[in-house]
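Chain naming here is simple, since letters A, B, ... match the order of the sequence lines and numbering starts at 1 in each. Owing to the predicted nature of the structure, the values given are computational and were not obtained by experimental measurement.
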2 protein chains.
Amino acid sequence: MTKHVRKGRERDERHALIIQSARELAEAEGWDAVTTRRLSQRIEYSQPVLYTHFRGKDEIVAAVALVGFGELVDRMKATITPKGATRKSLAALVATYVEYAEANPAVYDAMFALSTGLPFAQDETPKPMRTAFAVLREAVMPQNGEGDPDVYAEICWASLHGLVSLERSGRLPEHTHRQRMAALVDQFLAASAPTRPK
Amino acid sequence: MTKHVRKGRERDERHALIIQSARELAEAEGWDAVTTRRLSQRIEYSQPVLYTHFRGKDEIVAAVALVGFGELVDRMKATITPKGATRKSLAALVATYVEYAEANPAVYDAMFALSTGLPFAQDETPKPMRTAFAVLREAVMPQNGEGDPDVYAEICWASLHGLVSLERSGRLPEHTHRQRMAALVDQFLAASAPTRPK
DNA sequence: TAGAAAATCTAGCAGTGCTAGGAATTGGAG
DNA sequence: CTCCAATTCCTAGCACTGCTAGATTTTCTA
């Protein structure tokens, strides 16, 4: 009877192996190189085995994306300060986010550019994605800010993602990278502070 | 001898027809539907004709992207105020940008998601893209802002693109769309205003 | 009008994601 | 230990992709 559980565990291990292999291959040679043939060869099984674990290639990409959201959550959590965001903590968050994207470009692509079938602000949103947004909101919230915290977190996230996205496609000059990150922190701070009457 | 010029003009027309057809097909059914076969069928020529105009499919996508940059430039120009950006002009810019992306999703994808071979802040950057950045910088520059205008324009652009990108992939709730745009304007204003000593 | 030059098409290659059907391995009953 | 069912797995193939070599048609020139 314990055979069943062993079988199940082996299946789970293979499941994880597929995700891990896809990730490694994508980071090494780009997602174009992640074909079902090469992937199956890498896990030392034939193609159809992949389809007993995932409905299709898109689902494998989505699985890699979810792993990425989990990792990003862990890193962002470390930048949260109990009494609300400070300049220092915001700088840490921005640096953390950008560094994760730079260090894992293929995973980041899976998370944002290739995951067509991963809706977010909806009922069917996977948990790691919900958590990611919640943690980000926690990390950017100032002590006594005005306005909707959700909306504020959303535009912070958009700014971060836009920065990463444009930099990754080589559309922003590299030599001003640090200045941009600093300016973004300033922007967050300025926007989160109570607006004074003009 | 005038035959040559007529020939040349006909070729130019076909060149434009290919770009236009690719764009229409992409907007109608998505870029996945834009195969060389379907495209050639649509222009009523065989596949190899496409390759006498473009080096490959990527170059066709890039051509559509450049058209998009040109259109976006025209629209953004209309939001520039001679004496520096105001809240009103910034709101117009944000609305213009977002609306263009929403109205032409496939073109926007060609501009930012699919154009792997279109470097930007570099020597070989095509003119429409340079112009687009210059116009955006003009549109967001306040009367007497501090800091590097390039850096400021870069993070504005990043924020705009990030917003569009996340909204397009269904990762931000729709019902707060307007609030986000307003918050973004506030953020731009706050960041561009002279920083007062804390 | 004959022949060279240019334009265009047919047919095919190597690769993709995905799957039906048969082969091999495994598990439990006698 | 043996047999047979159930599960697991692989081979082979489909329809499609971007792209191209070589034959064919059309156009222009002498």
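Side-chain contact check for B:I60 versus B:I19: every heavy-atom pair is 4.5 Å or farther apart.
Hydrophobic clustering (ILVMFWY, side-chain heavy atoms < 4.5 Å, transitive): A:V67 and A:L50 are in one cluster.
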(request) Could you give me the CA-CA distance, side-chain angles and deciding distance for A:K83 and A:E138, then say whether salt bridge (charged side-chain N to carboxylate O under 4.0 Å, His left out) is met? (result) CA-CA 10 Å; A:K83 302 217 168 187; A:E138 201 74 21; over 6 Å; no
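The distance from atom CG of A:L39 to atom OH of A:Y45, rounded to the nearest 0.5 Å, is 13.5 Å.
Residues passing the salt bridge (charged side-chain N to carboxylate O under 4.0 Å, His left out) test with A:R38 are A:E29, sequence neighbours excluded.
Cation-pi geometry between A:R168 and A:Y108 is not satisfied (NZ or CZ under 6.0 Å from the ring centre, within 45° of the ring normal).
Put simply, CG on A:L50 is 12 Å from C1' on D:dC9, counting in whole angstrom units. The interatomic distance linking A:Q41 (CD) with D:dT11 (P) rounds to 12 Å, in whole Å. Nucleotide D:dT8 holds its C1' atom 14 Å from the CD1 atom of A:I43, rounded to whole Å.
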Listed pairs, N/O of protein and of nucleotides 16-19 of chain C, under 3.5 Å:
from	atom 1	to	atom 2	distance (Å)
C:dG17	OP1	A:K57	NZ	3.1
C:dG17	OP2	A:T36	N	2.8
C:dG17	OP2	A:T36	OG1	3.0
C:dG17	N7	A:R37	NH2	2.9
C:dG17	O6	A:R37	NH2	3.1
C:dC18	OP2	A:Y51	OH	2.8
C:dC18	OP2	A:K57	N	2.7
C:dC18	O5'	A:Y51	OH	3.2
C:dC18	N4	A:Q47	OE1	3.1
C:dC18	N4	A:Q47	NE2	3.0

Got a list of protein N/O to nucleotides 6-8 of chain C N/O distances below 3.5 Å?
from	atom 1	to	atom 2	distance (Å)
C:dT8	OP1	B:R14	NH1	3.4
C:dT8	OP2	B:R14	NH1	3.1
C:dT8	OP2	B:R14	NH2	3.1

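Checking B:F112, B:F133, B:Y100 one by one against B:F69, the ring pair (Phe, Tyr, Trp, His ring centres under 6.0 Å) holds for a single residue, B:F112. Of the listed residues (B:Q179, B:R171, B:R180), just one forms a side-chain hydrogen bond (donor to acceptor under 3.5 Å, both in side chains) with A:E154, and that residue is B:R180.
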